[in-house]
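Reading through the structure tokens given below for one structure.
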2 protein chains.
Amino acid sequence: MLDYDFDESIGYWLTVTTQRYHRAFNDALVPYGITFRQSQVLGWLALEGELSQAELAGKMMIEPPTLVRILDRMERDGLIRRRPCPTDRRRKLIGATAKSKPVWAKIVECAKGIRARATDGLTDRQQATLKKLLGRVHENLLLTPPTELSDR
Amino acid sequence: MLDYDFDESIGYWLTVTTQRYHRAFNDALVPYGITFRQSQVLGWLALEGELSQAELAGKMMIEPPTLVRILDRMERDGLIRRRPCPTDRRRKLIGATAKSKPVWAKIVECAKGIRARATDGLTDRQQATLKKLLGRVHENLLLTPPTELSDR
DNA sequence: GACAATTCGTTAGCCTGCTAACTATTAGCG
DNA sequence: CGCTAATAGTTAGCAGGCTAACGAATTGTC
């Protein structure tokens, strides 16, 4: 029994910490009627201008079908616009609307607040270390499983 | 413009790393027909024996309504059993079935494999640091937002 | 130029998160 | 004792993850 280091491990802390982070972020954004992922969409559009859905999904590291519904809601709420791409009729270009501008300003405020709360008590060096370690774990898991035991 | 350190920050890395982790875990568990959260339920039951739903939700750090549906599916699949508590008719005690035993053994295998992959190239000290830093961030976000700006 | 392979967005179906609101039961307090 | 408050589990409704599969359009190849 008690091979049960199982849950007191990296995966456990990743899970609960990320959950908390999203919860705090979403709570902070409630007054502006948007969510964490929606704020991220506006962030990328602010940074890069118009993007196709595939490009946006790539930057957000989510699958295209997941993005579709996020954009559906944002389009419904008038935060973004889908425009057919003039050179490739398969693509649609996503752009932020004028209505989203003031929302984006609020998001930046919120993001700063949450980050300050999240990193309270951590030195710059510790924050850098945390990012570096997370980056390594992420990279480790990026590869498809080696299927090394397929012949056992 | 470019207050957009926004997404190159802790929240970003937390999000993508955790996503990857869950994806890897779920992928590895597909052959056994269960998911990450279901495996966690079995883990807690293996460790603690019968638990009420509120206790289980507390240990898993999720809300009771979220747990209900997870348990519904597991009960449907014969992995757990809900038993009325003899001393409190509101409570239900959750227990693992005999059918879940071999599944649990497989989970332990998978968990070890994923963890090994995730922490590849990290020393024990680095893993401890990662857990410690995640723990601090989690703790920072645990408190309800101070509502310090409510009067502005 | 025609046909196969690929890419883009979408839909459907499943699992997981949350809050709000409800029922049933228990606990607490006058 | 009796009434209120709190607790356990559930349901409904919304947002977000994924895969599989599909139609439309483009790219690649012979």
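Letters go in sequence order (proteins before strands), and every chain restarts at 1. Basis for what follows: all heavy atoms, side chains included, without hydrogens, waters or symmetry-related copies.
Look at CG on B:Asn26: it is 8 Å from P on C:dT16, rounded to the nearest Å. In this structure, B:Leu67 atom CG and D:dG9 atom C1' are separated by 10 Å, rounded to whole Å. One interatomic measurement links the two molecules: CE of B:Met74 to P of D:dG9, which rounds to 16 Å at whole-angstrom precision. One can place CD1 of A:Ile34 at 20 Å from P of C:dC18, the figure rounded to the nearest angstrom. With rounding to whole Å, B:Gln40 atom CD is found 11 Å from C:dT16 atom P. Rounded to whole Å, the distance from CZ on B:Arg69 to C1' on D:dG16 is 12 Å. Going from atom CG of B:Leu51 over to atom P of D:dG9 covers 11 Å, rounded to whole Å. In this structure, the OH atom of A:Tyr21 is 18 Å from the P atom of C:dC18, given to the nearest Å.
Between B:Phe36 and B:Tyr21, the two ring planes are perpendicular [angle over 60°; tilted spans 30° to 60°].
Candidate nucleotides D:dT11, C:dT25, C:dC14 were compared by shortest atom distance to the side chain of B:Asp72, and D:dT11 ranks first. Of the listed nucleotides (D:dA25, C:dT16, C:dT11), C:dT11 has the atom at the smallest distance from the side chain of A:Val68. Closest contact between the side chain of B:Arg90 and the listed nucleotides C:dC14, D:dA25, D:dA6 involves D:dA6. Considering only side-chain atoms of A:Ser52, the nucleotide from D:dT10, D:dT26, C:dG9 that sits closest is C:dG9. The listed nucleotides are C:dT10, D:dG17, C:dC18; the one nearest the side chain of A:Pro64 is C:dT10. Of the listed nucleotides (D:dA8, C:dT16, D:dG9), D:dG9 has the atom at the smallest distance from the side chain of B:Lys92. Among the nucleotides D:dA8, D:dG17, C:dC15, the one closest to the side chain of B:Thr35 is C:dC15.
Using a 4.5 Å cut-off between side-chain heavy atoms of Ile, Leu, Val, Met, Phe, Trp and Tyr, with links allowed through other members, B:Phe25 and B:Met61 fall into the same hydrophobic cluster.
Here the side chain of A:Arg136 pairs a donor or acceptor atom with the backbone of B:Asp120 at under 3.5 angstrom. In this structure a side-chain-to-backbone donor-acceptor pair under 3.5 Å is present from A:Thr97 to A:Gly78.
Test B:Arg91, B:Arg82, B:Arg83, B:Arg81 against B:Glu50 for salt bridge (charged side-chain N to carboxylate O under 4.0 Å, His left out) and you get one pass: B:Arg83.
Map B:Arg76 and A:Pro65 each onto its nearest nucleotide of DNA chain C; the residue landing nearer the 5' end is A:Pro65. Residues A:Arg91 and B:Asp77 both approach DNA chain C. Their nearest nucleotides, taken by heavy-atom distance, put A:Arg91 toward the 5′ side. If you find the closest nucleotide of DNA chain D to B:Ala54 and to A:Thr66, the one lying nearer the 5' end belongs to B:Ala54.
Here A:Ile70 lies in heavy-atom contact (under 4.0 Å) with sugar-phosphate atoms only.
A 6.0 Å sphere centred on CD of A:Glu48 holds more than 12 heavy atoms belonging to other residues, nucleotides or ligands.
For a distance-only test at 3.5 Å, the side chain of A:Arg82 fails to qualify as a donor-acceptor partner of the base of C:dG9.
One finds no side-chain N or O of B:Arg73 lying less than 4.0 angstrom from the OP1 or OP2 phosphate oxygen of C:dC14. Regarding contacts with the backbone of D:dT7, every side-chain N or O of B:Gln53 stays at 4.0 angstrom or more from both OP1 and OP2. In this structure, B:Arg23 reaches the D:dC18 phosphate: one of its side-chain N or O atoms is under 4.0 Å from OP1 or OP2.
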